[in-house]
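In what follows, a single structure is set out as structure tokens and then discussed.
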Amino acid sequence: TGVHGAQRNLNRLRPQLSLFNRFCTTALPEREKVEYDVLVVGGGPAGLSAAIKLKQLSQQTGKEISVCLIEKGSEIGAHILSGNCFEPYALDQLFPDWRTRLDR
């Protein structure tokens, strides 16, 4: 393995790379780029509460930060808010008035 193994692997890939380069002559389109202050990976309980808490702290301190949360599910929280019974302690900590908000 080591350097010699890496060299062997590269040698095996050269024919495929050559074929790829021959047929992919067009330049790739430029992608949109969006910059964020914080990127949270995963919309599960920890990721979702981290993103919410960061935005709450941002509002409290008056320092605006941009937070992006990415999730592999079809929507944020899809895996945790699926009709399961859960302990609402964390929800009470993040949104003390969440029960009254639901009634509106």
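Residues take their numbers from the sequence shown, with the count starting at 1.
One distance of note links CD of E64 with NZ of K55; it measures 4.0 Å at 0.5 Å rounding. Separating the CG atom in L91 from the CD1 atom in I52 is a distance of 8.0 Å, to the nearest 0.5 Å.
Cluster annotation: L57 and F95 are assigned to distinct hydrophobic clusters (Ile/Leu/Val/Met/Phe/Trp/Tyr, side-chain heavy-atom contacts under 4.5 Å, transitive).
Here Q59 pairs with nothing under the side chain to side chain contact (heavy atoms under 4.5 Å, CB included) rule; sequence neighbours left out.
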Cut-off 3.5 Å, no hydrogens considered: what does the side-chain donor-acceptor table look like for residues 28-50, sequence neighbours left out?
from	atom 1	to	atom 2	distance (Å)
D37	OD2	S66	N	2.9
D37	OD2	S66	OG	3.4
S49	OG	P45	O	2.8
S49	OG	A46	O	3.1

